[in-house]
Amino acid sequence: DACGHTLAVAEELGFSIEMRTAPEKFDMIAVFVDRWPNITFVLSHASLPLERTPESLKAWIAAASDLAKRPNLMCKISALCGGSDPDWTIDSIRPWAEACYSVFGPDRAMLGTNWPVDRLFGTYGDVVNAYRTVFDPLSEGDKSALFYSNAAALYGVSLADLELGSS
């Protein structure tokens, strides 16, 4: 099938695959993650539900905790400060960000943004500073992993690659 062929090519090339679906459908993601153990899969935008209630957070934690048992799955903590929480505050995103980190841990969580879409809901600096505030209690090593090194390892980039003028 076309999907299997695509994933075989992704595996051969060392690509990661980002997926997103509603938490009640995480069993579909589990099928792919289990079938392709040599591919790193990423929950894009943490597959967070559009509804941000205590009940939906509890449901996400339960579903994600089961899914996170798979070592080839990472979580991209992103889009918290956006359309599903347009009037976000540090306090409104904190439980979601902390839940993502808690479920996936320091080695399989990474921060991202939904830029430029989320510029409708705040500045880039505000988003990054909100994440800095939420995750300030972490050790320097865990913050480095969350803010940079986990994503850098996954996507194959280094600080040298990001320097102006590098080829």
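Worth knowing before you read on, the calculation uses all heavy atoms, side chains too, and leaves out hydrogens, waters and symmetry mates.
- Listed here is the closest heavy atom pair of H45 and A79: ND1-CB, 3.4 Å.
- For the salt bridge (charged side-chain N to carboxylate O under 4.0 Å, His left out) condition, no pair includes a residue of residues 109-126, sequence neighbours left out.
- Here salt bridge (charged side-chain N to carboxylate O under 4.0 Å, His left out) pairs that include residues 127-139, with residues two or more places apart or in two chains, are D136-K143.
- Nearest heavy-atom pair, A109 versus N150, reported as atom, atom and distance to 0.1 Å: O-ND2, 2.7 Å.
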Show the atom names and distances, to 0.1 Å, of all donor-acceptor pairs under 3.5 Å that link a side chain in residues 13-20 to residues at least two apart or in another chain.
from, atom 1, to, atom 2, distance (Å)
E18, OE1, K76, NZ, 3.1
E18, OE2, K76, NZ, 2.9
E18, OE2, Y155, OH, 2.5
R20, NH2, L48, O, 3.4

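- Applying the side chain to side chain contact (heavy atoms under 4.5 Å, CB included) test to V117 and every residue at least two apart in sequence or in another chain returns N114.
- Minimum heavy-atom separation, A99 to L57: CB-CD1, 3.8 Å.
- The side-chain hydrogen bond (donor to acceptor under 3.5 Å, both in side chains) analysis of residues 22-41, with sequence neighbours excluded, yields the pairs E11-N38, D34-R70.
- Pairing each heavy atom of W88 with each of G82, the nearest pair is CD1-N, 4.3 Å.
- Taking each heavy atom of A46 and C100 in turn, the nearest pair found is CB-SG, 3.6 Å.
- Taking D66 as the reference, K69 meet the salt bridge (Lys or Arg N to Asp or Glu O under 4.0 Å) condition, with sequence neighbours excluded.
- The hydrophobic cluster around L50 extends to none of the other residues, as no ILVMFWY side-chain heavy atom falls under 4.5 Å of it.
- By the rule that hydrophobic residues join a cluster once side-chain heavy atoms approach within less than 4.5 Å of another member, L80 and F135 end up as members of one cluster.
- By the neighbour-count criterion of 12 heavy atoms within 6.0 Å, atom CZ of F32 is sparsely surrounded, having that number or fewer from other residues, nucleotides or ligands.
- Put simply, OG on S149 and CG on L154 are 11.5 Å apart, with the number rounded to the nearest 0.5 Å.
- Distance check, rounded to the nearest 0.5 Å: CD1 of I61 to OG of S56 gives 9.5 Å.
- In the hydrophobic clustering of ILVMFWY residues, with side-chain heavy atoms under 4.5 Å counting as a link, Y148 and M74 come out apart.
- Residue pairs meeting the side-chain hydrogen bond (donor to acceptor under 3.5 Å, both in side chains) criterion with at least one partner in residues 92-102, sequence neighbours excluded, are D85-S92.
- The side chain to side chain contact (heavy atoms under 4.5 Å, CB included) test applied to A64 returns F26, W60, V103, F104, not counting sequence neighbours.
- No chain of hydrophobic side-chain contacts below 4.5 Å, direct or via other Ile, Leu, Val, Met, Phe, Trp or Tyr residues, connects V33 to V9.
- Under a hydrophobic-cluster definition in which Ile, Leu, Val, Met, Phe, Trp and Tyr are linked whenever side-chain heavy atoms come within less than 4.5 Å, directly or via other members, V31 and F41 are assigned to different clusters.
- Every residue was checked against the side-chain hydrogen bond (donor to acceptor under 3.5 Å, both in side chains) condition with S144, not counting sequence neighbours, and none meets it.
- L43 and L7 end up in the same hydrophobic cluster when Ile, Leu, Val, Met, Phe, Trp and Tyr side chains are linked at under 4.5 Å.
- Applying the salt bridge (charged side-chain N to carboxylate O under 4.0 Å, His left out) test to pairs two or more places apart or on separate chains, none has a residue in residues 48-58.
- For the ring pair (Phe, Tyr, Trp, His ring centres under 6.0 Å) condition, the pairs that include at least one residue of residues 105-128, sequence neighbours left out, are W115-Y124.
- For the residue pair I29 and T21, the shortest heavy atom distance occurs at CD1-CG2, 3.6 Å.
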